[in-house]
Amino acid sequence: MPELPEVEVVRAGLERHVVGARVVGVDVLHPRPLRRDARGPEGFAAALTGRTIAGARRRGKYLWLPLDDGDALLAHLGMSGQMLVQPGDAVPEKHLRVRLRLEGAADARNLHFVDQRMFGGLSLSEGGAALPAEIAHIARDPLDPDFDEDEFAARVRRRASGIKRQLLDQNLVSGVGNIYADEALWRAGIHGERPGERLTRTQVLALLGHAREVMTDALAQGGTSFDALYVNVNGESGYFDRSLHAYGRADEPCDRCGTAIRRVPFMNRSSYFCPACQPVPRRRRVMTAGTAPLD
DNA sequence: AGGGGATCCTGTTTGC
DNA sequence: TGCAAACAGGATCCCC
């Protein structure tokens with residue numbers, strides 16, 4: 001599942017392989033990944049044809065390719081999206097959804113948007129070269145030098161919402177997904193259901209530091225594919241096998257204290273945590289039906 | 001307004 | 001063996 005490190009690997013690969021290329025044709029094999037583009041599949045294809053890719057940028061889990069005229073091709077990988085740079089005669093992947101035929105870059109090939117589950121997508125953003133308006137609401141990510149830690153801590157501490165939900169709120173901080181959220185919380189020794197307003201500023205900043213660290217570590221390992229011909233991301237960076245302490249480790253011993261890692265449902269997915277290192281917050285007293293209200 | 005749950009997708013895994 | 005349910009989850013939408 002592409003979170004920030006995986007998307008950054010893709011961005012770097014695109015920068016290397018497709019910047020300078022001109023789009024000479026667009027083949028739309030499935031309309032769904034273009035649902036965010038008001039032009040529709042045909043309009044998207046027509047509008048993109050003839051443009052030249054001028055760069056490759058990223059914010060959080062979004063990436064965009066600025067075009068030479070100030071517009072941008074905006075992309076999100078969703079959960080299963082891939083951007084593959086392929087030779088012109090490549091056999092289409094099973095889940096190939098959109099193919100950009102390229103010409104003119106140093107090693108011009110075709111760019112394939114492959115996405116099994118199609119939570120991801122592409123769109124053409126008018127005037128979006130610097131920052132697409134469609135993602136203006138997405139916060140900076142922890143690896144962005146302009147990320148404002150003080151503001152982040154202040155906002156988190158103003159909300160009653162659980163800290164994991166806040167970590168996943170792309171309006172507060174971007175790039176963190178379910179996996180790295182659990183890992184950062186494990187490293188910080190904080191339970192994801194702790195209300196933001198009950199954390200100290202120091203705790204929030206430490207947690208943010210752990211999130212940054214776990215993503216930097218993953219990036220360092222995923223970075224080995226920078227030189228690969230194909231820009232690829234499928235969540236199998238190798239990082240997952242070696243370095244995860246919490247995510248996906250239900251019933252396995254905690255690497256820090258040996259207590260069995262627990263899995264609980266969370267937002268239609270799962271949260272993993274160590275019940276000893278990350279104690280479940282005590283519920284505040286709730287009025288029960290039989291309790292007389294205070295006068 | 002903030003909080004929290006539902007929804008979209010498809011392929012794989014698990015369970016009866 | 002076969003079918004159905006559960007599961008994976010980023011972003012958005014909707015209701016309270």
Side-chain angles (χ1 to χ4, degrees), chain A residues 1-8 10-11 29-38 41 58-64 74-83 93-98 113-123 125 132-142 154-185 192-199 211 215 218 233-237 239-241 244 246-251 262-272 281 283-284 286:
Chain A
M1 307 67 192
E3 299 183 29
L4 185 154
E6 292 77 22
V7 178
E8 173 57 22
V10 172
R11 188 209 62 77
L29 290 88
H30 197 297
R32 179 151 181 87
L34 299 175
R35 66 193 178 284
R36 299 277 168 210
D37 195 308
R58 181 189 59 75
R59 174 176 284 198
K61 302 168 195 170
Y62 281 91
L63 48 90
W64 70 97
L74 179 62
H76 195 287
L77 301 175
M79 331 175 17
S80 55
Q82 297 171 278
M83 296 280 229
E93 296 83 0
K94 184 176 180 187
H95 300 294
L96 176 62
R97 308 304 189 188
V98 181
F113 181 74
V114 176
D115 191 2
Q116 178 201 113
R117 283 173 242 186
M118 295 188 289
F119 278 35
L122 304 175
S123 62
S125 172
E134 294 87 341
I135 61 168
H137 64 289
I138 300 290
R140 292 182 187 275
D141 58 66
R155 291 180 70 184
V156 164
R157 298 184 65 229
R158 280 201 294 267
R159 295 174 185 238
S161 196
I163 184 60
K164 181 171 176 183
R165 188 177 252 273
Q166 297 205 54
L167 271 181
L168 297 179
D169 183 346
Q170 305 295 302
N171 297 291
L172 283 174
V173 53
S174 68
V176 184
N178 198 43
I179 295 169
Y180 296 122
D182 277 0
E183 291 303 304
L185 288 163
E193 287 168 23
R194 290 272 296 280
E197 64 184 7
R198 303 186 50 149
L199 295 172
M215 291 196 292
V233 62
N234 52 18
E236 295 170 10
S237 66
Y239 183 77
F240 297 93
D241 295 332
L244 295 183
Y247 183 82
R249 297 197 59 226
D251 303 326
R262 284 196 57 197
R263 170 190 171 278
V264 295
F266 171 77
M267 288 174 77
N268 277 345
R269 57 212 69 175
S270 298
S271 284
Y272 300 88
R283 279 194 168 254
R284 280 196 280 187
V286 178

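A note on names: the letters A, B, ... follow the listed sequences, proteins ahead of strands, and every chain is numbered from 1. These figures come from a predicted structure and were not determined experimentally.
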remark   = Rounded to whole Å, CE of M79(A) lies from P of dT7(B) at a distance of 17 Å

ask   = Does OP1 or OP2 of dA8(C) have a side-chain N or O of R263(A) closer than 4.0 Å?
value = yes

note = Among the nucleotides dA6(B), dG11(B), dG10(C), whichever has the atom closest to the side chain of K94(A) is dG11(B)

inquiry  = Under 4.0 Å, heavy atoms only, any strand: does H30(A) hit a base, just the sugar-phosphate, or nothing?
reply    = nothing

ask   = Does OP1 or OP2 of dA11(C) have a side-chain N or O of H137(A) closer than 4.0 Å?
value = no

query = Looking at Y272(A), does any N or O in its side chain come under 4.0 Å of the phosphate oxygens OP1/OP2 on dA8(C)?
reply = yes

query = Tell me: CG of L172(A) to C1' of dA11(C), nearest whole Å?
reply = 14 Å

key: Any S161(A) side-chain N or O less than 4.0 Å from OP1/OP2 of dG4(B)   = yes

inquiry  = How many whole angstroms separate atom CD of E3(A) from atom C1' of dA11(C)?
reply    = 13 Å

key: Spacing of R269(A) atom CZ relative to dC8(B) atom P, expressed in whole Å   = 15 Å

Whichever of R35(A) and Q166(A) has its nearest DNA chain B nucleotide further upstream toward 5' = Q166(A)

ask   = Side-chain N or O of H76(A) less than 4.0 angstrom from OP1 or OP2 on dA11(C)?
value = yes

query = Across the strands shown, which category fits R165(A) at heavy-atom distances under 4.0 angstrom: base, sugar-phosphate, nothing?
reply = base

query = Between R97(A) (CZ) and dC8(B) (P), how many Å, whole number?
reply = 17 Å

task = Starting from P on dC7(C), measure out to CZ on F266(A) and report it in whole angstrom.
result = 16 Å

inquiry  = If you compare every side-chain N and O of S270(A) against the phosphate oxygens of dA8(C) (OP1, OP2), does one of them come in below 4.0 Å?
reply    = yes

request  = Using whole Å, report how far CE of M267(A) lies from P of dG3(B).
outcome  = 13 Å

message = Within the supplied structure, the quantity of interest is the number of heavy atoms (other residues, nucleotides, ligands) at a distance under 6.0 Å from R155(A) CZ; does it exceed 12?
response = yes

note = Interatomic distance, CD@E183(A) vs CZ@R249(A), rounded to 0.5 Å, equals 9.0 Å

request  = Might you point out which heavy atoms bring G120(A) and R35(A) nearest each other, and give the distance in Å?
outcome  = O-NH1, 3.2 Å

request  = With heavy atoms under 4.0 Å as the rule, sort R36(A) into base, sugar-phosphate or nothing.
outcome  = sugar-phosphate

key: Heavy atoms of other groups near N171(A) CG, more than 12 under 6.0 Å   = yes

key: Positive for side-chain contact (heavy atoms from CB on, under 4.5 Å) with Y272(A), one of N178(A), D182(A), L185(A), V264(A)   = D182(A)

query = Do the side-chain N or O atoms of Q116(A) get closer than 4.0 angstrom to the phosphate oxygens (OP1, OP2) of dG11(B)?
reply = no

key: Side chain of F119(A) - closest among dG10(C), dA6(B), dG11(B)   = dG10(C)

Length of the line joining N171(A):CG and dG3(B):C1', which is rounded to integer Å = 14 Å

task = Starting at CZ of R140(A), measure out to CZ of R59(A) and round the result to the nearest 0.5 Å.
result = 5.0 Å

